[in-house]
Amino acid sequence: MSDSATPAPPRGLPMIPEASGALAIIGLGAIGYFLFPDDLAFLTRLIGITLLVLSLDLVTGYCGVATLGHAAQFGVAAYAAGIACVRGVTDPIALLGVGLVAGTMMGLISGALITRFRGLPQLVLSIAVGQLVAALANKLSWLTGGSDGLSGITPGKVFGLYGFDMYSRTAFLFSLGVLLIVFVVLSRFVRSPFGLMCRGIKDDDLRARMIGVSIYPRLVVMYGVSGAVAGLGGALTAISTGVVGLDSVSFERSAEVLVMLVLGGAGHLWGALAGALIFQIFEHIVAAANPFHWMMLVGLLLIGIVVFAPRGLIAPVMALATRLARKGDA
Amino acid sequence: MTRRATTVSALAILCLASGVAAADTIKVGVIGTMSGPYALFGKNFKMGIDAWVAENGTKVGGHDVEFIYRDEESPNPAKSKAIAQELIVKDKVQYLAGAYFTPNAMAIAPLLEESKTPLVVMNAATSSIVEKSPYIVRTSFTMWQNTVPAAKTATKNGAKKVAIAVSDYGPGIDAEAAFKKTFEADGGAVVEAIRIPLATTDFSPIMQRIKNSGADTIFTFLPSGPPTLGFVKAYLDNGLKVAGVKLMSTGDVVTEPDLPNIGDPGIGILSTYHYSVSHASPENASFLAQIKKGGGNVDEVTMTSVAAYDGARLIYKMIEATAGQRDPVKAIAAVKDMTWVSPRGPVSIDPATRHIRQNVYLREVAKVDGKLINREIQTFDAQPDWALSKE
């Protein structure tokens with residue numbers, strides 16, 4: 001993964017990654033909205049999970065923290081937003097705020113625990129945190145609905161104007177807007193001194209320590225930021241589907257997003273985006289085409305990609321882009 | 001059948017006469033557990049529907065009927081809702097059917113009124129589901145329906161102290177409430193009530209708690225699938241049966257495909273249920289023959305295929321009554337006092353609750369001709385849903 005150190009952006013055009021990210025998301029969103037108007041419910045769900053994959057990328061891709069419990073941040077925020085909505089807070093933006101805060105809190109708590117350790121203990125601890133949250137969500141059924149799920153979430157209108165309906169137009173545009181803002185902010189954030197330092201910690205934490213960086217607080221802060229992003233994803237999912245179930249805190253959810261991240265390429269926001277999109281769209285298509293054996297096809301896709309593009313789908317694209325850029329310079 | 005044929009042909013003539021394009025396709029979205037640990041029951045939805053279609057054709061009154069299957073996978077309300085939404089918006093289905101798990105059915109319910117789509121629940125067994133929308137009918141069973149006879153049987157068989165162990169979700173809580181209410185009203189005592197998380201795979205600690213409670217009988221419900229087999233195995237392996245603790249359950253716990261795995265130690269386990277594959281009736285014989293003819297394996301048949309078979313009957317009736325138009329009020333009105341003889345026995349839809357009224361049988365696991373079956377030993381006639389009907 002040492003090739004993940006991207007070349008410094010050319011001076012004079014500092015906003016290029018942000019602008020290209022924004023354009024790409026608007027472009028993809030427009031394709032979704034105009035060409036697949038019947039699939040907006042699925043695309044809305046996809047955006048929620050994409051935020052979780054981006055969030056995971058921040059800790060796993062940029063800081064090298066191995067975690068299989070990342071759904072905790074997502075699920076806690078989804079439940080928080082859902083519960084707030086059931087109890088009377090129906091403004092979608094306020095609900096996003098609730099999710100953001102809940103996700104950040106959960107991120108800071110799990111970060112404080114998980115990043116104390118390295119390697120396998122870290123992985124085990126992340127699973128433990130995830131399982132703990134899942135068990136709590138199941139046990140506190142008076143609050144969360146337990147296995148029956150938390151239902152009856154009916155958010156109000158966005159800006160008091162656009163209501164959520166079955167065709168998911170509002171939900172989709174609302175989610176797309178959130179994704180756009182998050183992606184642009186993160187593009188900037190990962191190139192900030194803080195973001196670059198996290199990357200340095202990942203590449204060689206001993207060296208980082210030698211130059212006087214205290215690692216632990218940085219990782220915890222990064223976990224908090226990551227939790228905020230996951231929290232937005234969770235809140236969006238709660239708002240747009242109107243149901244929060246135990247699946248949102250499950251181990252499967254954590255594992256699945258890790259698979260998406262590795263598939264796309266950890267350590268790049270683009271990789272997280274590509275992995276989330278490709279995996280979910282593929283899964284959606286095969287599950288509809290063959291509801292009986294679709295899991296087998298998903299397995300085959302994963303094996304194929306890991307064999308032919310072990311660093312993720314984004315790696316060959318990046319290499320090509322770099323080569324083209326060099327050619328341009330020459 | 002002749003009357004049906006007459007109506008169908010009359011409708012067909014009417015369609016032709018009025019110049020309505022008769023070659024339209026009416027789509028029915030079936031949401032079931034098609035993959036994963038509960039795949040057998042989703043497969044049974046398809047077997048039941050296929051059997052009905054094979055017997056009655058793919059056309060109703062000149063309208064083609066197409067069934068579209070989607071995978072609900074596990075208790076995952078968010079996913080089920082998204083799937084239902086997609087079936088309605090994208091595939092433009094006129095009817096929804098299926099729903100193995102209660103949480104999934106509950107999540108689908110709010111979509112029905114806005115989209116004017118009737119839902120035929122083919123499994124999910126919490127009583128209150130039918131109250132969530134006026135467009136829901138159910139052809140499966142409810143926990144109250146099957147549990148009240150279980151509690152009565154337990155009293156009759158001399159049970160004094162019962163330990164209840166149920167899955168910790170809607171239907172489990174219904175089962176616990178139904179058993180407790182009926183059993184205590186008859187003078188029995190519930191000494192232990194355990195709610196087991198759905199994802200549990202190791203039941204030994206639960207057996208230990210039951211042992212310690214001093215109960216003489218266990219009543220249990222878990223959703224059919226891997227947990228039920230695990231529970232019965234733990235009951236046998238932990239020596240409770242040998243110690244004389246009786247197991248009383250709803251039939252979910254001893255579905256026929258699980259019986260070979262439970263094996264001979266399971267002989268004598270009592271259960272109350274609305275359908276046994278070994279039910280002796282000409283309707284059941286021809287139903288099973290049809291499944292075999294369609295390439296299905298009779299050893300895999302469970303209650304969900306019968307619920308799907310009867311559900312398909314309701315859907316055909318609704319299509320016929322609405323002449324293929326989207327009219328949920330008329331569709332539901334057409335089926336809500338239907339009476340027919342199902343492979344499980346005589347049944348009817350209760351007009352007040354839109355839930356099926358049916359015989360519930362007391363069965364015991366027995367070996368007949370070298371094969372383990374649920375032998376029916378007593379019939380409780382025309383049971384309503386005891387929670388909804390307030391009888």
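What you see below is based on every heavy atom in this structure, not just the backbone, and it leaves out hydrogens, waters and symmetry mates. A, B, ... follow the sequence lines: proteins, then strands. Residue 1 opens every chain. These numbers were taken from a predicted model, which means no experiment stands behind them.
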Asks: In terms of relative ring orientation, are Phe203(B) and Phe231(B) parallel, tilted or perpendicular, with 30° and 60° separating the classes?
Replies: perpendicular
Asks: Assess the residue pair Thr302(B) and Thr304(B) against the criterion (side chain to side chain donor-acceptor pair (under 3.5 Å)); give the C-alpha distance rounded to whole Å, side-chain angles, the decisive distance to 0.1 Å, and a yes or no.
Replies: CA-CA 5 Å; Thr302(B) 67; Thr304(B) 47; 2.9 Å; yes
Asks: Would you mind telling me which of Pro77(B), Ser167(B), Gly42(B) has the largest number of heavy-atom pairs within less than 4.5 Å of chain A?
Replies: Pro77(B)
Asks: Set out, in order, the CA-CA distance, both residues' side-chain angles and the distance that settles side-chain contact (heavy atoms from CB on, under 4.5 Å) for Glu256(A) and Glu283(A), then state yes or no.
Replies: CA-CA 11 Å; Glu256(A) 202 179 56; Glu283(A) 186 187 274; 3.5 Å; yes
Asks: Name the member of Asp148(A), Val244(A), Asp165(A) that forms the most heavy-atom pairs with chain B at distances under 4.5 Å.
Replies: Asp148(A)
Asks: Can you tell me which of Ala107(B), Pro171(B), Ser115(B) forms the most heavy-atom pairs within a distance under 4.5 Å of chain A?
Replies: Ser115(B)
Asks: Do Asp385(B) and Gln145(B) have a side chain donor and acceptor closer than 3.5 Å?
Replies: no
Asks: Salt bridge between Asp247(A) and Lys79(B), side-chain N to carboxylate O under 4.0 Å?
Replies: no
Asks: For chain A, find which of Asp168(B), Asp91(B), Asp71(B), Ile83(B) contributes the most heavy-atom pairs closer than 4.5 angstrom.
Replies: Asp71(B)
Asks: Between Leu40(A), Asn138(A), Asp39(A), Thr237(A), which has the largest tally of heavy atom pairs under 4.5 Å with chain B?
Replies: Asp39(A)
Asks: If you count heavy-atom pairs under 4.5 Å with chain B, which of Gly149(A), Ala288(A), Ala41(A), Gly146(A) comes out on top?
Replies: Ala288(A)
Asks: Angle class for the His284(A)/Phe42(A) ring planes (parallel below 30°, perpendicular above 60°, tilted otherwise)?
Replies: parallel
Asks: Answer with side chain, backbone, both or neither: which region of Pro197(B) has an atom nearer than 4.5 Å to a non-hydrogen atom of chain A?
Replies: both
